[in-house]
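A short write-up of the structure that comes next.
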Amino acid sequence: RDRVQELRAECLPNETGGILLGYFDLKLNNVYVVDVLSAPADSQGSQTGFTRGVEGLQESLRKVKDKTANIVGYVGEWHSHPSHVSASPSLADITQLTYLADELRADGLPALMLIVGDHEEAWLTADTMGGQ
């Protein structure tokens, strides 16, 4: 939580984001978020939106997997909202979450999104059937 607040503060007044790192325990129906990756260099952030890039992302994920014996990996997306804007999801956020759920359906995994605001955060999930 501290790390995403730091990354957000470094980019204000623009939005930023990246990916959530962790692992799923499907037996217990839990997800454990253990770290985050910051925005790849080709990401685009403005005061009204954020689009995560992909430059260097696969290499970063490979390193994480190598260091954790393939236990820790991609579990979702995170992004910030600008100052004085709620962490509540926008329509674009809901659309992205639904897209993620559709993409992860084949693996039987839920979609997870974290939105970070001034003094709050919103954790969103969507099940593998595309619902919320």
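In this chain, residues are counted from 1 in sequence order.
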For [X] and [Y], work out which heavy atoms get closest and say how close.
X: Val85; Y: Asp118; value: N-OD2, 4.4 Å
X: Gly53; Y: Ser43; value: N-OG, 2.8 Å
X: Val54; Y: Pro40; value: N-CB, 4.1 Å

Go through the structure and list residues passing side-chain hydrogen bond (donor to acceptor under 3.5 Å, both in side chains) with [X], not counting sequence neighbours.
X: Thr48; answer: Ser46
X: Asp35; answer: none
X: Ser88; answer: Ser86
X: Ser90; answer: Asp93

Practice problem: Scan for ring-ring contact (aromatic ring centres under 6.0 Å, His included) pairs involving residues 96-127, sequence neighbours excluded, and state none if there are none. | Solution: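 Listed by first then second residue: nothing to list.
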Quiz prompt | Qualifying ring-ring contact (aromatic ring centres under 6.0 Å, His included) pairs with a residue from residues 31-76, counting only residues at least two apart or across chains | solution =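 Checked against ring-ring contact (aromatic ring centres under 6.0 Å, His included) - neighbours excluded - the pairs reaching residues 31-76 are Tyr23-Tyr32.
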Quiz item: By side chain to side chain contact (heavy atoms under 4.5 Å, CB included), which residues pair with Val31, not counting sequence neighbours?
Solution: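 Once residues adjacent in sequence are excluded, the partners of Val31 under the side chain to side chain contact (heavy atoms under 4.5 Å, CB included) criterion are Phe24, Val75, Leu112.
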Practice problem: Return each pair, listed once, that meets salt bridge (charged side-chain N to carboxylate O under 4.0 Å, His left out) where at least one residue sits in residues 38-60; pairs must be two or more places apart or across chains. | Solution: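 Sorted result for residues 38-60: Arg52-Glu77, Glu59-Arg62.
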Quiz item: salt bridge (charged side-chain N to carboxylate O under 4.0 Å, His left out): which pairs involve residues 10-24, sequence neighbours left out?
Solution: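 Listed by first then second residue: nothing to list.
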Nearest 0.5 Å, please: how far is [atom2] in [Y] from [atom1] in [X]?
X: Ser80; Y: Leu7; atom1: OG; atom2: CG; answer: 9.0 Å
X: Asn30; Y: Asp25; atom1: CG; atom2: CG; answer: 6.0 Å
X: Leu61; Y: Leu57; atom1: CG; atom2: CG; answer: 4.5 Å
X: Met113; Y: Thr98; atom1: CE; atom2: OG1; answer: 8.5 Å
X: Ile115; Y: Leu124; atom1: CD1; atom2: CG; answer: 4.5 Å
X: Glu103; Y: Gln96; atom1: CD; atom2: CD; answer: 11.0 Å

Quiz item: Are any side-chain N or O atoms of Glu120 and backbone N or O atoms of Ala87, one a donor and one an acceptor, separated by less than 3.5 Å?
Solution: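 Present.
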Exercise. For Gln5 and Gly117, indicate whether the former's side chain and the latter's backbone hold a donor-acceptor pair under 3.5 Å.
Key: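 Side chain of Gln5 to backbone of Gly117: a pair is present.
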Self-check item: Val72-Leu37 co-clustered via ILVMFWY side chain contacts under 4.5 Å
Solution: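 Yes: a chain of side-chain contacts under 4.5 Å links Val72 to Leu37.
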Quiz item: Are Leu104 and Leu114 co-members of a hydrophobic cluster defined by side-chain heavy atoms under 4.5 Å apart?
Solution: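 In one cluster with Leu114: Leu104, yes.
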Exercise. Answer yes or no: does atom CG of Asp66 have more than 12 heavy-atom neighbours from other residues, nucleotides or ligands under 6.0 Å?
Key: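 Atom CG in Asp66 is crowded, with more than 12 foreign heavy atoms closer than 6.0 Å.
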Quiz item: Testing Ile71, Leu21, Val34 for side-chain contact (heavy atoms from CB on, under 4.5 Å) with Val64, which one passes?
Solution: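 Considering Ile71, Leu21, Val34, a side-chain contact (heavy atoms from CB on, under 4.5 Å) with Val64 is found only for Leu21.
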Quiz item: Is there a side-chain contact between Trp78 and Thr16 (heavy atoms, below 4.5 Å)?
Solution: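 Answer yes - side chains close enough.
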Quiz item: Mind checking what makes salt bridge (Lys or Arg N to Asp or Glu O under 4.0 Å) contact with Glu121, not counting sequence neighbours?
Solution: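 Only Arg1 meet the salt bridge (Lys or Arg N to Asp or Glu O under 4.0 Å) criterion with Glu121.
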